[in-house]
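Here's the structure, in structure tokens; my notes come after.
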Amino acid sequence: MSDEMTMVPGKLVGFDLTVPDADGIRDFYKAVIGWDSAGMDMGGYEDYFMNLPGTGETVAGVCHTRGSNADLPPVWMVYVAVADIEASLTSVTNLGGKALTPIKGGPGDGRYCVIQDPAGAILALMAV
């Protein structure tokens with residue numbers, strides 16, 4: 001989420017919530033938690049970085065269920081860095097989990113995929 005974040009395998013590197021009404025949910029969390037927000041142009045609409053007040057440090061994202069996020073469930077998605085996203089995705093399916101999305105993004109664009117473990121929990125894997 002932050003430019004200062006270090007992408008090391010196994011580290012939690014981000015938290016996003018993807019919903020149909022990102023504007024309303026952004027306002028909800030601004031009121032409930034006190035976060036500030038900054039818009040990110042997505043080509044016709046904005047998703048939001050949710051920031052700590054006073055510091056501007058990004059702590060989460062609130063996104064619309066559109067574009068590359070159209071197939072994401074409305075859950076607080078945790079992103080975990082992995083050294084080899086292809087190998088990790090193979091392990092997911094070999095060990096009884098499911099790939100909920102294909103690997104998305106490209107070089108320098110934050111490659112990630114969303115998985116479901118055998119217990120049903122959802123998580124995103126992000127390439128280092």
Side-chain angles (χ1 to χ4, degrees):
M1 296 299 328
S2 166
D3 289 338
E4 299 95 37
M5 87 174 148
T6 305
M7 294 280 287
V8 229
K11 184 175 180 181
L12 301 179
V13 294
F15 306 93
D16 283 339
L17 177 60
T18 301
V19 294
D21 178 18
D23 299 331
I25 295 301
R26 172 205 57 198
D27 294 344
F28 173 85
Y29 283 107
K30 286 174 77 169
V32 170
I33 296 174
W35 284 334
D36 289 332
S37 68
M40 179 174 156
D41 182 21
M42 301 302 291
Y45 65 96
E46 284 188 324
D47 285 342
Y48 302 99
F49 294 107
M50 304 307 291
N51 305 320
L52 293 178
T55 69
E57 177 187 350
T58 299
V59 293
V62 173
C63 307
H64 288 277
T65 310
R66 297 183 193 169
S68 64
N69 290 341
D71 58 352
L72 298 182
V75 298
W76 275 105
M77 187 75 64
V78 177
Y79 292 77
V80 179
V82 295
D84 183 335
I85 195 164
E86 287 84 3
S88 292
L89 193 52
T90 296
S91 292
V92 166
T93 56
N94 288 345
L95 297 171
K98 296 179 192 171
L100 298 182
T101 70
I103 296 171
K104 299 180 178 194
D109 192 27
R111 294 177 66 222
Y112 75 97
C113 63
V114 179
I115 65 161
Q116 185 174 41
D117 70 22
I122 296 171
L123 179 76
L125 306 176
M126 181 167 273
V128 173

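Counting from 1, the numbers follow the sequence of the chain as shown. Values below: every heavy atom of this structure, side chains too, minus hydrogens, waters and symmetry copies.
For P53, the side-chain contact (heavy atoms from CB on, under 4.5 Å) partners are D36, not counting sequence neighbours. Taking Y45 as the reference, M42, D47, H64, R66 meet the side-chain contact (heavy atoms from CB on, under 4.5 Å) condition, with sequence neighbours excluded. Considering only residues two or more places apart in sequence or on other chains, V78 meets the side-chain contact (heavy atoms from CB on, under 4.5 Å) condition with L12, F15, V80, L123. Judged as a side-chain contact (heavy atoms from CB on, under 4.5 Å), and not counting sequence neighbours, the contacts of P74 are V19. Scanning for salt bridge (charged side-chain N to carboxylate O under 4.0 Å, His left out) contacts around D71 gives K104, with sequence neighbours left out. Residues passing the side chain to side chain donor-acceptor pair (under 3.5 Å) test with N69: none are found, sequence neighbours excluded.
Inter-residue side-chain proximity for I103 and Y112 is flagged as unmet; no heavy-atom pair is nearer than 4.5 Å. Annotation: side chain of I85 is in contact with side chain of C113 (closest heavy-atom distance under 4.5 Å). Using a 4.5 Å cut-off on side-chain heavy atoms (C-beta onward), V82 and V128 make no contact. Proximity of V59 to N51: side-chain heavy atoms (C-beta onward) are nowhere separated by under 4.5 Å.
Between Q116 and V92, the closest heavy-atom pair is O-CG1, 4.4 Å. Of all non-hydrogen atoms in L95 and P118, the two that sit nearest each other are O-CG, 3.4 Å. In terms of heavy-atom proximity, K30 sits nearest to S37 at NZ-OG, 3.6 Å. Summarising the geometry of R26 relative to M50, their closest heavy-atom pair is O-CE, 3.8 Å, with the distance given to 0.1 Å.
For residues 118-128, the set of pairs meeting the salt bridge (Lys or Arg N to Asp or Glu O under 4.0 Å) definition, not counting sequence neighbours, is empty. Residues in residues 82-101 take part in these salt bridge (Lys or Arg N to Asp or Glu O under 4.0 Å) pairs, two or more places apart or across chains: E86-R111.
A distance of 12.5 Å separates SG in C63 from CD1 in I25, rounded to the nearest 0.5 Å. One distance of note links CD1 of I122 with CD1 of I115; it measures 10.0 Å at 0.5 Å rounding. Rounded to the nearest 0.5 Å, atoms OH (Y48) and CE (M40) are 12.5 Å apart. We find the CD1-CZ distance between I33 and F28 to be 8.0 Å, quoted to the nearest 0.5 Å.
Put simply, the residue from T18, L100, V75, L125 that forms a side chain to side chain contact (heavy atoms under 4.5 Å, CB included) with V114 is L100.
The aromatic rings of W76 and Y29 lie perpendicular to each other, with more than 60° between the two planes, well past the 30° mark.
Formation of a donor-acceptor pair under 3.5 Å by the D16 side chain with backbone atoms of M77 is not found in this model.
V8 and V13 end up in different hydrophobic clusters when Ile, Leu, Val, Met, Phe, Trp and Tyr side chains are linked at under 4.5 Å.
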